[in-house]
Amino acid sequence: MHEAYEVIPIVQKLPPGLSIESISAYDDYLLVGTKSGTLLYYQLVPAPKAASKPGSIHYDVKLLRSNKSFSKKAIVQLQVVPEFQMLICLAEGTVAAFDLSQCSLTPIAVLQKTKGAHFFTISVNKHKNLDGEVYPSLTLCVAVKKKLQLFYWKPKILKFLEFSDDLLLRDIPRTIVWCGESLCVGYKSEYSLMKISGETKDLFPTGGNQLEPLVSLLPDEKLAVGSDEQTILIDSDGNPTMKYSIKWSEVPLALVYDEPYLIAVLPSAVEVRPIEPRIHVQSIDLPKAKMIVTSKQGWVFAASNSDVWLLHAVNFPEQITQLLSQKQFDLALRMAEMTPDSEIEKKQIVQRINNLNAFYLFCKQNFKDAMEQFIKLETDPSHVIGLFPNLLPEEFRSSLEYPDRLPNLQGTELEDGLVALTNYLVEIRSRLLSDSNSSVPSMTAIMEPGKTKFRSKKQLLQIIDTTLLKCYLQTNDGLVASLLRMKENYCHIDESERALKLHQKYRELLILYNKKGMHRKALELLMRHAKKPDSSLRGHEKTIQYLQDLGAEHLELIFEFAKWVLKEHPEDGLKIFAEEMTETEHLPRSLVLQYLCETEPDLVIPYLEFIICKWDEENNLFHNTLVNKYCEKILVLLNDYRNALPEGHSPAPAGQEPGELGVLRKKLLLFLEGSEHCTVERFATYMMNKGLYDEGAVILGKLGRHDDALTIYIHILQNYSKAERYCEKHYHKDKPGNQDVYLVLLKLYLPSAENQKINIPAVGYVPIPEPNIERAISILKQYSNKIDSFKALSLLPSVISVSDVKTFLECVLHSIQSQKYDVQLTKSLLYAEHLQVKAKSIHFHSYKLTVTDLDMCRVCQKRIGKSAFAHFPTGVTVHYSCKDQYSAEN
């Protein structure tokens with residue numbers, strides 16, 4: 001409770017003959033009607049400051065008129081209409097109107113039709129004319145027994161005129177209030193709502209303890225209707241406007257509304273309550289008060305039979321202070337909006353009250369409503385975060401001011417609060433990021449409106465994201481990773497790092513390092529936890545993945561932290577440099593090759609194989625290096641292999657050796673045959689000197705030195721099948737140098753008239769074995785179509801009989817005869833085609849087409865005339881421009 005009104009005695013202890021029957025007031029004036037018919041007219045004038053007591057309100061009361069002969073009987077009802085300077089009075093059973101501007105209160109209208117009236121009500125409305133000027137209108141309703149008479153005031157003729165037929169009632173009304181286009185009628189036991197048209201709607205009973213019906217008009221065409229100890233609020237259609245009623249300590253005798261309060265005269269006191277919230281504000285002890293009226297905002301007159309008091313509202317700032325101390329924020333807000341201060345001052349007061357309201361909602365653990373308030377008020381998020389423990393640095397939090405001591409939140413209460421705070425921060429974060437303005441938005445502190453601690457939006461976002469991280473760690477740690485992965489993540493590194501380590505969230509700590517570009521810290525973390533069995537970062541795979549994602553700009557870092565992985569897990573470690581990933585593919589390959597040669601030489605061959613086969617690397621450097629590495633390893637293994645052979649055993653052919661040696665030689669042979677980017681010239685001498693004859697023969701073949709290559713296959717390796725496969729691969733009838741490859745093979749099988757040794761570069765002189773006439777004849781038979789017959793016959797020694805080469809000669813002759821037939825057939829076909837073309841030419845030249853002025857186009861139905869035209873084989877002629885349309889239609 002607080003003091004909303006101060007009681008000021010106005011009229012005290014009237015003589016017994018002047019018992020008060022009715023009162024009315026406007027502005028600073030008070031009219032009192034007595035049972036004897038006397039009318040008293042008072043004016044209240046502020047007392048001089050010297051006469052007033054400090055801190056109190058005092059008025060001098062002047063009796064302007066005392067009209068003892070105003071009425072012969074009791075003045076039942078008085079109503080002032082300030083808009084028309086009119087007093088309407090019910091006395092002697094008749095309603096009359098008087099001019100307030102005249103000292104004598106001369107009657108200006110007496111409604112004789114109202115004889116026998118016992119109650120009346122008025123309605124004053126504002127209207128605009130065509131010129132935009134506002135003018136008032138006055139309507140009057142008078143209750144005469146079971147009828148309602150309706151009048152309106154005509155100022156120009158100073159008369160009340162009827163505007164409707166009388167409305168018939170089912171009982172005598174005890175009270176009537178005009179509300180919009182409806183009249184609320186209170187009977188002894190119930191209320192009803194009657195339209196001017198006569199339509200009636202029953203409402204509800206007055207109640208068992210209500211002696212007289214009680215209705216009071218509220219703003220916006222609403223009504224407060226009494227039912228025993230409660231007052232029900234309805235609109236002009238009779239519908240309730242609130243879910244609950246206003247409850248009083250006793251059954252009210254009279255009721256008025258003085259914003260924001262309803263004031264009821266009870267048998268024992270005058271009680272003050274607001275419509276919202278439902279609280280008891282003040283009880284005022286006024287002995288035997290029975291009636292109450294309002295004069296202007298903050299002025300309420302209450303009267304008993306002999307006394308009148310002014311209930312003067314305590315100034316709003318003082319009431320607001322009292323309400324804030326009692327934490328009645330809703331009512332304080334209502335009063336703040338009613339203050340006469342400037343809009344700026346009013347806004348500051350409202351802001352302060354709302355901040356306090358939100359703060360105490362938080363203290364009452366109504367976290368959701370508190371956060372919604374903070375969002376509406378645009379409160380500085382750091383002040384909201386500071387309401388919770390261990391979210392802000394202690395030094396920063398201690399600098400914040402709050403209206404009261406903060407609650408000590410723990411357990412479930414703390415968790416509920418953090419969930420609400422999380423939703424609040426997400427909303428604030430979204431608003432900040434959607435705002436394109438880079439400056440800090442206008443924010444207010446809970447205690448000092450307009451004060452903020454941030455200089456940039458980035459600072460504000462940093463504390464929001466860091467707090468969100470801490471909230472997630474305590475309420476829903478599954479959301480931590482998603483927060484840290486956000487593209488726009490402003491988490492403070494040191495604070496976030498401490499929080500994540502405290503909760504042992506190392507996987508999320510890794511994400512933080514990564515998003516903040518702290519790759520060294522991330523890799524050190526991975527290396528420390530790789531061998532911890534209970535760590536979420538255990539294993540080397542995460543380091544490999546992290547290094548793969550870094551890219552060429554962090555090459556030194558990759559080389560540094562790849563060492564331990566390559567050393568302990570070489571095969572998996574190679575994926576750092578050789579994996580189907582964009583970042584890995586764009587690493588500088590020459591530097592990676594150099595790094596692997598220095599740190600893990602065994603991985604050079606797999607690396608080179610990967611980049612050449614998977615990434616189609618064409619640089620000669622890598623192809624040559626791969627050949628070198630193959631050769632180096634093969635020579636070592638080959639030497640061990642030969643030393644391990646039992647005496648008298650020949651080594652297996654190249655590529656068919658057991659184990660790794662065979663695999664490597666097969667790879668080398670295939671690579672030498674398939675690679676177009678290795679410098680073969682430099683390897684020919686090297687390989688022959690090292691005894692790698694198969695590989696040397698491949699290189700000699702690529703150099704076009706078929707004589708030397710085939711000599712190696714036949715005379716050194718004595719592998720005739722390889723020699724024939726070599727010829728199959730290199731033979732090309734239209735390519736010079738490759739046309740006679742089979743002839744070279746034949747020559748090597750036949751006896752030579754020269755020395756018995758052949759000189760092969762890098763090998764020297766190779767002894768020629770005995771001629772192999774049988775294989776020579778076999779070559780002639782198998783590949784007769786690929787060997788120049790004349791050159792072959794010139795090579796054959798005289799010792800070979802004709803029968804041995806019979807098959808060869810038959811094949812040659814058959815081939816010549818076939819070629820002859822093919823030429824003759826082609827000649828005949830070409831001649832026949834020539835005759836056909838000539839016949840068609842004669843036919844088309846013999847066709848004659850005549851176009852006259854009368855010929856019409858089949859498409860546009862216009863004459864063709866001298867226009868360009870098209871003639872179809874069907875005999876149809878059209879304009880050239882119409883030919884496409886005709887073709888499409890046909």
Side-chain angles (χ1 to χ4, degrees), residues 10-27 29-44 61 63-82 86-100 105 107 109-111 114 116-124 140-144 172-178 186 211-217 252-258 263-265 270 286-296 299-311:
I10 301 300
V11 177
Q12 292 180 296
K13 295 182 180 180
L14 284 175
L18 295 178
S19 177
I20 299 173
E21 181 68 18
S22 59
I23 61 173
S24 183
Y26 72 101
D27 294 337
Y29 300 93
L30 170 68
L31 290 93
V32 177
T34 65
K35 285 185 178 181
S36 61
T38 301
L39 179 67
L40 304 175
Y41 195 178
Y42 297 94
Q43 181 182 15
L44 277 68
V61 181
L63 179 60
L64 299 180
R65 297 170 209 143
S66 176
N67 193 339
K68 295 181 180 180
S69 60
F70 184 80
S71 174
K72 296 179 181 178
K73 296 182 180 180
I75 302 173
V76 176
Q77 191 176 353
L78 291 172
Q79 182 67 58
V80 175
V81 188
M86 180 190 297
L87 171 65
I88 300 176
C89 173
L90 171 58
E92 300 179 29
T94 304
V95 175
F98 300 85
D99 188 353
L100 277 175
L105 289 177
V110 178
L111 282 74
T114 64
H118 58 273
F119 198 87
F120 72 85
T121 183
I122 67 168
S123 175
V124 179
L140 172 67
C141 175
V142 182
V144 181
I172 297 174
R174 300 299 185 94
T175 186
I176 309 169
V177 173
W178 204 314
L211 298 178
E212 292 291 337
L214 189 61
V215 182
S216 179
L217 184 65
L253 304 175
L255 183 70
V256 294
Y257 179 74
D258 181 40
I263 306 172
V265 176
V270 173
L286 295 180
K288 299 181 181 180
K290 64 178 183 178
M291 62 193 76
I292 190 167
V293 296
T294 59
S295 169
K296 57 184 177 180
W299 282 42
V300 180
F301 290 94
S304 64
N305 289 334
S306 59
D307 299 277
V308 180
W309 301 272
L310 170 62
L311 307 184

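The chain is numbered in sequence order, starting from 1.
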Can you tell me how far CG of L214 sits from CG of L253, rounded to the nearest 0.5 angstrom?
8.5 Å
Roughly how far, to the nearest 0.5 Å, is CD of Q79 from CD1 of I88?
7.0 Å
Taking the inter-plane angle between the rings of F301 and W299 on a 0 to 90° scale, is it parallel (under 30°), tilted (30 to 60°) or perpendicular (over 60°)?
perpendicular
Tell me which one of L100, L64, I23, L40 satisfies side-chain contact (heavy atoms from CB on, under 4.5 Å) with L31.
L100
Do L310 and L30 come within less than 4.5 Å of each other through their side chains, counting heavy atoms only?
no
If we ignore hydrogens and angles and just use 3.5 Å, is the side chain of S71 paired with the main-chain N or O of A91 as donor and acceptor?
no
Just so I know, are the side chains of L311 and D258 near enough to count as touching, which here means a heavy-atom distance under 4.5 Å?
no
Measuring only between side-chain heavy atoms, which start at C-beta, is D99 closer than 4.5 Å to M86?
no
Closest non-hydrogen atom pair between Y29 and Q43, with its separation
OH-NE2, 3.4 Å
Side chains of K290 and N305: closer than 4.5 Å at any heavy-atom pair?
yes
Taking every heavy atom of S36 against every heavy atom of G17, the minimum-distance pair comes out as OG-O, 3.1 Å
Given L111 and L140, is the side chain to side chain contact (heavy atoms under 4.5 Å, CB included) satisfied, shown in steps?
CA-CA 11 Å; L111 282 74; L140 172 67; 3.8 Å; yes
Has T175 got a side-chain atom pairing as donor or acceptor with P213's backbone, closer than 3.5 angstrom?
no
Nearest non-hydrogen partners of A303 and V308, listed with the distance:
CB-CG2, 4.0 Å
Can you tell me if S295 uses its side chain to pair, donor with acceptor, with the backbone of D27 under 3.5 Å?
yes
Can you check side chain to side chain contact (heavy atoms under 4.5 Å, CB included) on S24 and V293, steps first, answer last?
CA-CA 6 Å; S24 183; V293 296; 5.7 Å; no
Quick one: do L39 and L87 satisfy side chain to side chain contact (heavy atoms under 4.5 Å, CB included)? Show the steps, please.
CA-CA 11 Å; L39 179 67; L87 171 65; 4.0 Å; yes
For residues I20 and S306, report the shortest heavy-atom separation together with the two atoms involved.
CD1-C, 3.9 Å
In terms of heavy-atom contacts, does NZ of K288 have more than 12 from other residues, nucleotides or ligands at under 6.0 Å?
no
Looking at CH2 of W309 and CD1 of I292, how far apart are the two atoms once the value is rounded to the nearest 0.5 Å?
10.5 Å
Point-to-point distance, once rounded to the nearest 0.5 Å, from CG of L286 to CG of D307:
9.5 Å
Can you name the nearest heavy-atom pair linking I10 to L44, along with the distance?
CD1-CD2, 3.4 Å
Working to the nearest 0.5 Å, report the span between CD1 of I122 and CH2 of W178.
10.5 Å
Closer than 3.5 angstrom, by distance alone: can the side chain of H118 be matched with the main-chain N or O of V76 as a donor-acceptor pair?
no
Given S216 and V177, is the side chain to side chain contact (heavy atoms under 4.5 Å, CB included) satisfied, shown in steps?
CA-CA 7 Å; S216 179; V177 173; over 6 Å; no
Between C89 and F70 the two heavy atoms that sit nearest each other are SG-CE2, 3.5 Å
Distance (rounded to the nearest 0.5 Å) between S22 OG and L78 CG:
3.5 Å
Quick one: does F119's side chain get under 4.5 Å of Q77's, heavy atoms only?
yes
